[in-house]
Participant: 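Pasting a structure below so you can have a look.
If you read the sequence from its start, that first residue is 1, and numbering goes on from there. Note that ligands are numbered from 1 as they come in the structure, with each ligand's atoms numbered from 1 the same way.
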Amino acid sequence: MSLMFNGIGVSRGIAIGEAYLLRRNQIDVTSRTLSKKSVPNEVRRFKRAVKAARAHLLTARDNIPKDAPSDVSSFIETHILMLDDGVLSQRPVEIIKSELINAEAALQQQREELIKVFGSMEDTYLATRVDDVNHVIDCVLRALDDGMQQVVDTEQWKGRIIVADDLTPADTVNMQHHGVAGFITETGGQLSHTAILARSLGIPAIVGIPNIRRYVQPGEALTLDGQIGMVLAEPTDTMLAEFKQQQKESRQKQKELSKLIDTEAVTSDGVQLKLSANIEIEEDLKALKRVNADGVGLYRTEFLFMNRDSLPTEQDHFKVYTKVLRALKGDTLTIRTADLGADKQLPGQLQDKLQERARPLAHNPAMGLRGIRLCLSDTSLFIPQLRAILRASARGPIRLLLPMITSITEVEQCLALLEQVKHTLREQNIEFDENLPVGGMIEVPAAAVAAAQFAEHLDFMSIGTNDLIQYTLAIDRIDDQVNYLYDPLHPAVLSLIKTVIEAGQNSGIPVALCGEMAGDTRYVRVLLGLGLTDFSMPPNLILETKRSLISCRRATLRKQTVALMAASTLKDRQTVLDKINASAPP
Ligand code: PEP
Ligand code: MG
């Protein structure tokens, strides 16, 4: 019988293959009491296991493709460092000796100790650290159990879909090396290490399907759609044929789309469009070049804060920005200053450090000390970034983008701080672009309503619909339970977007839109109808968006969008939307 499962699609792509079941979470540990005589033997056994685990991690590190982003290896490096730390390699030896228990039990005792310490800290950062500790300890336990070679038969991975409770970053890297078709995990979210790596390494993946290993048998036929997060087990011949057809069409579509790379982005009634890219990690730069994007409309810099134990320095920021600039070869780079907090919690110690200084509201972080609020409340976080952005601006065209602005006072504070930084740089004879454009993300309804006032203080605006919709409709953007209420076409949302676009036009400053809506072909024509011409989106959506927009007339869309905004029921709205998209390519 065919079964369907839905999870969180974290890495696009369709995979078809046999299931390979993997258990990665904690291994059951039986405690044994040792005689004094057998202690040295047990210690040797433990040390051998640590060595085998280390060799396993080193192999994973060696298997990292040369062109993989640097953060891929840092995940593995962290695990190697943890394993080398006395807390994991020495302390269990002491426990074996003092308590006369077997290596597994000693290791388990040490795990519980460490989790207790981390657990008492109650934050997302520590959850990530706990995951790391668990990954490393499990690796040693598996080596104690049966030797690393038998842990997984990676030779069997090729072309298969891995179904696991959880995966370590080392597993994910090894999976790409061994040519897996895709993977599914029971736990995890969009921002889990494994999900981030899957996207970077281009492995179709779905996470967050609880207990799937109970329903799927080894070797069973599976299909996976990493975009919509759907898995089919034992699909019927008809379903499988359909899926294969989809896979074929998707490849064909990509081929067709690539013909549009050099096509000018102009609507059929002559409206010039700008289609730029949202980027996060170095890997995105390659994708951006493949589609010939109009520069970067949103560089999310939060990634720079991940996988590290200390805040990035001015030089860390500067190095990355200049590297990205070089890759852009003269195209504009819009750098958003760190939008930390809420859905972009930092891992580990770093979050702790921030909380010590800034204490974000734990109960409702989306409305707490996040984004620009956090940076303004802790300028030691902000100033190195401002200095790095200014210094990099001497090397190529940069725009500075402020996240989550809500009041004009915040903009004034940022501009004053920027002036101070500029003053210091002048004193230090450090070059920068005196006219560095400063823009604001319009993603809080208050800022959208008052956009005309913000436009007077800014050089450009960029509408962040991901947050704008969340705040306008009072829907947590990462809460599955209210996801069905997340409605980009809600008249209130459309009206706010229109207000911002018109405010920009009246003040003569550019307005872009960089939320997910800008690359969603269901909505891009509506945005054009509202007057938007500047779209920023993940690079892999640019050609699809271009194809949809160049084949329509803005004049027609303007009228249709008025009708869409006037439609009060869902049914009426759908009717107008269908008309808007009727001529869109499939
Ligand atoms: C947005 O809110 O629409 C946006 C682009 O920013 P982020 O998704 O990073 O919050
Ligand atoms: Mg946002």
Participant: Of Leu468, Asn466, Val444, which has the heavy atom at the shortest distance from atom 1 (C) of ligand 1?
Facilitator: Asn466
Participant: Enumerate the atoms of ligand 1 whose separation from the nearest heavy atom of Asp339 is less than 4.0 angstrom.
Facilitator: 10 (O)
Participant: Provide the atom name of the closest N, O or S atom of Asp467 relative to the Mg ion (ligand 2).
Facilitator: OD2
Participant: For Arg336, which part has a heavy atom under 4.0 Å from ligand 1: side chain, backbone, both, or neither?
Facilitator: side chain
Participant: Could you list the atoms of ligand 1 found under 4.0 angstrom from a heavy atom of Arg300?
Facilitator: 4 (C), 5 (C), 6 (O), 7 (P), 8 (O), 9 (O)
Participant: Could you tell me whether Thr465 and ligand 1 have an N or O pair separated by under 3.5 Å?
Facilitator: yes
Participant: If the condition is side chain to side chain contact (heavy atoms under 4.5 Å, CB included), which residues does Gln420 pass it with, not counting sequence neighbours?
Facilitator: Leu417
Participant: Which ligand 1 atoms, with their elements, are less than 4.0 angstrom from a heavy-atom of Gly464?
Facilitator: 1 (C), 2 (O), 3 (O)
Participant: Is the closest basic N to carboxylate O distance between Asp339 and Arg370 below 4.0 Å?
Facilitator: yes
Participant: In terms of atom number and element, which parts of ligand 1 are under 4.0 angstrom from non-hydrogen atoms of Met441?
Facilitator: 4 (C), 5 (C), 6 (O)
Participant: Under 3.5 Å, is there a donor-acceptor pair linking the side chains of Asp294 and Ser276?
Facilitator: no
Participant: List every atom of ligand 1 that sits less than 4.0 Å from any heavy atom of Gly515, numbering the atoms from 1 in the order shown and giving each element.
Facilitator: 3 (O), 5 (C)
Participant: Do the side-chain N and O atoms of Arg525 and Ser548 include a donor-acceptor pair separated by under 3.5 angstrom?
Facilitator: yes
Participant: Got an N/O contact under 3.5 Å between Arg370 and ligand 1?
Facilitator: no
Participant: Check all N, O or S atoms of Glu443 and name the one closest to the Mg ion (ligand 2).
Facilitator: OE1
Participant: Which of the atoms of ligand 1 are close to Leu298, meaning less than 4.0 Å from one of its heavy atoms?
Facilitator: 5 (C)
Participant: Please determine if Arg387 forms a cation-pi arrangement with Phe318, meaning its NZ or CZ atom is less than 6.0 Å from the six-membered ring centre and no more than 45° off the ring axis.
Facilitator: no
Participant: Distance under 4.0 Å to a non-hydrogen atom of Cys514: what atoms of ligand 1 satisfy this?
Facilitator: 5 (C)
Participant: Would you say Met517 touches ligand 1, if touching means a heavy atom closer than 4.0 Å?
Facilitator: no
Participant: Would you tell me whether Gln574 and Asp578 have side-chain atoms, one donor and one acceptor, within less than 3.5 Å of each other?
Facilitator: yes
Participant: Side chain to side chain contact (heavy atoms under 4.5 Å, CB included) with Asn540: which residues, sequence neighbours excluded?
Facilitator: Arg12, Pro538
Participant: Do the side chains of Asp433 and Arg391 get close enough for a salt bridge, i.e. N-O under 4.0 angstrom?
Facilitator: no
Participant: Output yes when Lys422 and Glu419 qualify as a salt bridge under the 4.0 Å nitrogen-oxygen rule, no when they do not.
Facilitator: yes
